[in-house]
Amino acid sequence: MSLILPYEKIWDMPYDGASDEKQAPRLVGNLIYGFLAFVFKICFRYRVDNLESLRGFKGESGVVVVANHTSFLDVVFMYLASRPSQWIRFLGRENLFGNAHGLAGHILSRVGAFPIKRDSADRTAIKRATRMLKNEEIVGILPEGTRRGKSDRTPEIHSGAAFIAKMGHAPILPMTVRNAERIKEKGKFLRFPKVTIEYGDPLLVSDFDFLPKEDRLDGCTWYAMRECFALSLNVPADQVDMTELFPEGRDFTAAFADHRVARRTTEELVAAIREKKAAKARCASKETPAEGACA
């Protein structure tokens, strides 16, 4: 029965996390993962660096994974990097799901993706992503929205990643897929470079409360993207020229030069999450004697 389940229903089913609801069918997704992992490992000898930054959140918290977008294969490597023990729920352009008479929708949905309307405030997609994060799942977002240098669209940063992280009470984890853009360049034959997937350190939306309220989400996503490009270019973040990368976007370089954002490892952040959960449990069981401690 699960093989003929309408893919629209899969969008609202959990693939992982703490939910007691019926899990999404995984057979097709596991078969796709096994095939892609085998082929891509042989062809691109891919490796994953700093994987513990992602693995540490398993069973502890949802997380928004963000990356720069240089190739249509970025999402494939991001998917492979999280498997087999974790699923990443990608927000994909709505029009992708109707390709090949709906076959693309079935494939994308069964590896965990769900649609979002481009260039609009898609409340349905935001609610889905928020629910996934609260269920301790991973949501994958490419804030540039399109592949860099592969379309006539001017590169820009969309702040939806920070908004969804805020709504889902989840950290943001920057990452990059290095060398994927070299696999197929315009006018050149298919190549097989060694690909590296690398995770950075997590960020909290609350770390950006020093910015004016109207700038916090934009500033948070800008900072996360700068971390992605720093990983991609293998340079310190303050050496990334964001004005060159996003010539029409707002530049927050001066703001972050004056105010350093706290750096934490996943281990440190998870320890704080555990303590917060423990404090909440103590309050619920009235074990905290101090008046007002649970306010």
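The structure displayed is predicted, hence computed values, not measured ones. When a residue number appears, it is its place in the shown sequence, counting from 1.
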| query | Can you name the nearest heavy-atom pair linking Ile273 to Glu60, along with the distance? | reply | CG2-O, 3.8 Å
| query | Can you tell me how far SG of Cys220 sits from CG of Asp207, rounded to the nearest 0.5 angstrom? | reply | 8.0 Å
| Do side-chain atoms of Asn179 reach the backbone of Lys194 as a donor and acceptor pair under 3.5 angstrom? | yes
| Judged by modelled atom types alone, do Trp87 and Ser82 share a side-chain donor-acceptor pair under 3.5 Å? | no
| request: Show the numbers, then the answer: is there a side-chain contact (heavy atoms from CB on, under 4.5 Å) between Phe252 and Asp218? | output: CA-CA 9 Å; Phe252 286 88; Asp218 288 334; 4.0 Å; yes
| said: Is it the case that the side chain of Asn135 and the backbone of Gly17 share a donor-acceptor pair, with hydrogens and angles ignored and the cut-off at 3.5 Å? | reply: no
| said: Any side-chain to backbone donor/acceptor pair from Thr266 onto Ser53? Under 3.5 Å, distance only. | reply: yes
| query | To the nearest 0.5 Å, what is the distance between CZ (Phe77) and OG (Ser71)? | reply | 7.5 Å
| message | Going by salt bridge (charged side-chain N to carboxylate O under 4.0 Å, His left out), name the pairs with one or both residues in residues 67-90, residues two or more places apart or in two chains. | response | Arg89-Glu137
| task | Answer yes when Arg128 and Asp12 have at least one side-chain N-carboxylate O distance shorter than 4.0 Å, and no when they do not. | result | yes
| said: Looking at Ser109 and Gly105, would you say the former's side chain and the latter's main chain have a donor-acceptor pair under 3.5 Å? | reply: yes
| task | Please confirm whether the backbone N or O of Ser85 pairs with a side-chain atom of Lys58, one donor and one acceptor, at under 3.5 Å? | result | yes
| message | Tell me whether the count of non-hydrogen atoms from other residues, nucleotides or ligands lying under 6.0 Å of CD in Glu267 goes above 12. | response | no
| query | Salt bridge between Arg131 and Glu136, side-chain N to carboxylate O under 4.0 Å? | reply | no
| query | Does the side chain of Leu5 come within less than 4.5 Å of Arg110's, by heavy atoms? | reply | yes
| Just one of Trp11, Tyr7, Phe97 clears the ring-ring contact (aromatic ring centres under 6.0 Å, His included) bar with His106, so which one? | Tyr7
| side-chain contact (heavy atoms from CB on, under 4.5 Å) between Glu94 and Ile116, worked out | CA-CA 5 Å; Glu94 184 181 44; Ile116 185 170; over 6 Å; no
| query | Between Asp215 and Lys213, is a salt bridge (charged side-chain N to carboxylate O under 4.0 Å, His left out) present by the stated rule, with each step listed? | reply | CA-CA 5 Å; Asp215 294 335; Lys213 187 174 181 179; over 6 Å; no
| said: Show the nearest heavy-atom pair for residues Leu173 and Asp201, with the distance to one decimal. | reply: CD1-C, 4.0 Å
| task | Nearest 0.5 Å please: distance from the CZ atom of Phe163 over to the CG atom of Leu217. | result | 7.5 Å
| task | Could you go through the salt bridge (charged side-chain N to carboxylate O under 4.0 Å, His left out) check for Asp238 and Arg226 one step at a time? | result | CA-CA 8 Å; Asp238 57 9; Arg226 189 175 71 166; over 6 Å; no
| query | So do Ile172 and Val63 actually touch side chain to side chain, heavy atoms under 4.5 Å? | reply | no
| field | Between Tyr223 and Phe256, ring centroids under 6.0 Å | value | yes
Donor-acceptor pairs under 3.5 Å, side chain of residues 31-46 to any protein atom, not counting sequence neighbours: which ones?
unit_1, atom_1, unit_2, atom_2, d
Lys41, NZ, Tyr46, O, 2.5
Arg45, NH1, Cys43, O, 3.1
Arg45, NH1, Phe192, O, 2.9

| Side chains of Val66 and Met175: does their closest heavy-atom pair fall under 4.5 Å? | no
| query | Is Thr176 reaching over with its side chain to a backbone N or O of Arg178, donor-acceptor style, under 3.5 angstrom? | reply | no
| message | Quick one, Ile183 with Arg191, criterion side-chain contact (heavy atoms from CB on, under 4.5 Å). Give me CA distance, side-chain angles, the key distance, then yes/no. | response | CA-CA 5 Å; Ile183 294 173; Arg191 294 189 291 183; 5.9 Å; no
| Residues Leu211, His259; criterion side-chain contact (heavy atoms from CB on, under 4.5 Å); working and verdict | CA-CA 9 Å; Leu211 292 170; His259 190 291; over 6 Å; no
| said: For Glu248, is the CD atom crowded, meaning more than 12 foreign heavy atoms sit under 6.0 Å from it? | reply: no
| message | Any side-chain to backbone donor/acceptor pair from Ser232 onto Cys228? Under 3.5 Å, distance only. | response | no
| query | Atom CG in Leu142, atom CG in Leu91: separation rounded to 0.5 Å? | reply | 9.5 Å
| query | Between Ala161 and Thr221, what is the shortest heavy-atom contact and its length? | reply | CB-CG2, 4.5 Å
| Ala24 and Tyr15: which non-hydrogen atoms are nearest, and at how many Å? | CB-CE1, 3.4 Å
| field | Pairwise side-chain contact, Leu54 with Ile138, heavy-atom cut-off 4.5 Å (strictly under) | value | yes
| Value rounded to 0.5 Å, distance of CD in Glu198 from CZ in Arg47 | 8.0 Å
| task | Find out whether Thr265 and Leu269 are in side-chain contact, i.e. whether some heavy atom of one side chain is under 4.5 Å from a heavy atom of the other. | result | no
| query | Can you find a pair of side-chain heavy atoms, one from Phe189 and one from Lys184, that are under 4.5 Å apart? | reply | no
| Met13, CE: over 12 other non-hydrogen atoms inside 6.0 angstrom | yes
| request: Give the minimum heavy-atom separation between Pro115 and Asp122, together with the two atoms involved. | output: O-OD2, 4.3 Å
| Is Asn50 reaching over with its side chain to a backbone N or O of Tyr199, donor-acceptor style, under 3.5 angstrom? | yes
| field | Arg55 and Gln86, any side-chain heavy atoms less than 4.5 Å apart | value | yes
| message | Can you confirm whether Lys134 sits close enough to His169 that some side-chain heavy atom of one is under 4.5 Å from a side-chain heavy atom of the other? | response | yes
| field | Non-hydrogen atoms of Leu231 and Pro174 that approach each other most closely | value | CD1-O, 4.0 Å
| said: What's the separation between atom NZ in Lys276 and atom OG in Ser61, rounded to the nearest 0.5 Å? | reply: 10.0 Å
| message | If we count only N and O atoms by modelled type, under 3.5 Å, do the side chains of Thr243 and Asp251 hold a donor and an acceptor together? | response | no
| said: One pair to check against salt bridge (charged side-chain N to carboxylate O under 4.0 Å, His left out): Glu275 and Lys280. What are the steps and the verdict? | reply: CA-CA 9 Å; Glu275 176 55 34; Lys280 186 176 181 180; over 6 Å; no
